[in-house]
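Only one structure is covered here, and it is reproduced in the block below.
Computed over heavy atoms, backbone and side chain alike; hydrogens, waters and symmetry mates excluded. In the text below, chain A, chain B and the rest are named by the order of the sequence lines, each starting its count at 1.
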Amino acid sequence: MTRVSFDASARVHTQSAAYTTDYKRHSLMILLSAAVLLLVMLIAGWLTDPAAMTVQLENRNLQPSLQHLFGTDWLGRDMFARTMKGLLLSIQTGLTGAVCSAMIAAVLGISAALLGRQADRFISWLMDLFLSVPHLVALILTAFVCGGGMKGIVIGIALTHWPALARLIRAEAMQLMTAQYVLVSRRLGRSLFWIAGRHLLPHLLPQLVVGGLLLFPHAILHEAAITFIGLGLPPHQPAVGIILSESMRYLSSGMWWLAVLPGAALLVAVRIFDVLGSHTQRLLDPQQYERL
Amino acid sequence: MLLEGKGLSYRYGRNGAWLLRGREIAVSRGEVVGLQGPSGSGKTTLARILAGYLQPHEGTVTLDGRSVRTARGYHPVQMVFQHPEQAVNPRWRMRRTIQEGWQPDWLTLQSLGIEEKWLDRVPAELSGGELQRCCIARALGPETKYLIADEMTAMLDAVTQVQIWHAMLELARERNIGMLIISHDPGLLKRICHRIEPM
């Protein structure tokens, strides 16, 4: 009886040990394949011939085929080319928005921990304020104020998405500020600014990278949503949001491919970024393995 | 020059019991003073107040009659802690850690028994004793007038303890540094201190 339970526990132990390394490799594989898939999408968007997006009335309303992977629309434009160009545009917008957002989060999160109680109180209040406004409402308002276009969307995304990440950074930075080596650094005459740059930032960088990556899907989806309701990018640019909103009118005439395939492509792109973010997090956070 | 704590009072929490009440302590340049007392009697708290890590609720800490600046610049009262692995940035190489406050000359490092190959390692690659020597080197800047050693060698074996204390007392004498040494070990205090203060 005792023999059996000992064996069982031993097996469980070795299994979990093997699982840890398997898990790491697994994460890395997923990360790499997601990155490759993303790269293929970007290159596809980069290389598509602009001629494929021109109006060709003799090729109107074609169903998906090998010639036209996503079919063509009511003006004979190739939907695959338009979708890929649109995704490229979305990813650019999302990247700018997410990077700006992560930077705001870093500056405010570190300042809250660094500059004392009053500054912390003010910054926490600011976070609560921005968290309490629904993203979409704030986005619509900023996009509206900026008069539409890329600028409005990027500013809107940057302004609405930082609070969650800033909270995380603030908590982490606060903990670091009470670390003994940071306290010693103060007594050795180092300034707060110096400590933020040398002691805090290197520790917080992995969190910022992961946080920024995980902001990405939100940014892309919001860009598409804003463009869909007509406050985002101008109609002549093939953004995914515009493709979707235009195709709404043609859905009832049975042209399903106009909405379904670009929508699915958008979902795939978003999912890729989500996977990239969460698996980077797993690889950068060694404690996560031990919890598994 | 005299490091003086006058009427120091401190308690943890708003309504906690007073850990220190009207405590007086003085250390002069070049003097080695021991602080002895049981666990929880406030030795470390007193040390942290003197080194400016904590603000006392009552009383003042003065250096040569003037109050010590606590926020800016190199603090003339430096402290060496019990757990060196917490007192260094785990990502930094030792060369960078040692040079955080000043540029130690090679002679000082050598007298503390620091080897050159340690300097390119990160803290995880050094033992506790090796790390502690680096922490001492870091704290011995030219502007250091007083050094507080809080259970500095408690986790080291006897031989390493002797080496470290020997080097440290030698350096302190050379630079006329006043020292406050906290320890559980009455034998150690009796051996190296000019006088011993009970807690």
Might you confirm whether atom [atom1] of [X] has over 12 heavy atoms from other residues, nucleotides or ligands at distances under 6.0 Å?
{"X": "A/H279", "atom1": "NE2", "value": "yes"}
{"X": "A/W46", "atom1": "CH2", "value": "no"}
{"X": "A/F122", "atom1": "CZ", "value": "no"}
{"X": "B/R195", "atom1": "CZ", "value": "yes"}
{"X": "A/M29", "atom1": "CE", "value": "no"}
{"X": "B/R95", "atom1": "CZ", "value": "yes"}

Side chains of B/P90 and A/Y181: does their closest heavy-atom pair fall under 4.5 Å?
->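 B/P90 vs A/Y181: side chains touch.
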Given side chains that start at C-beta, do those of B/M79 and A/V184 come closer than 4.5 Å, heavy atoms only?
->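 Result no, sub-4.5 Å side-chain heavy-atom pair not found.
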side-chain contact (heavy atoms from CB on, under 4.5 Å), paired with A/L188, selected from B/Q78, B/E143, B/H75 |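 That would be B/Q78.
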B/N89: which of A/H199, A/R198, A/Q180 passes side-chain contact (heavy atoms from CB on, under 4.5 Å) =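 Exactly one pass, corresponding to A/H199.
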Where does [X] contact chain A at under 4.5 Å (heavy atoms): side chain, backbone, both or neither?
{"X": "B/W102", "result": "neither"}
{"X": "B/E100", "result": "both"}
{"X": "B/R96", "result": "side chain"}

Considering all heavy atoms of both residues, which atom of B/Q99 and which atom of A/R190 are nearest to each other, and what is their separation?
->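 Heavy-atom minimum between the residues: O-NH2, 4.0 Å.
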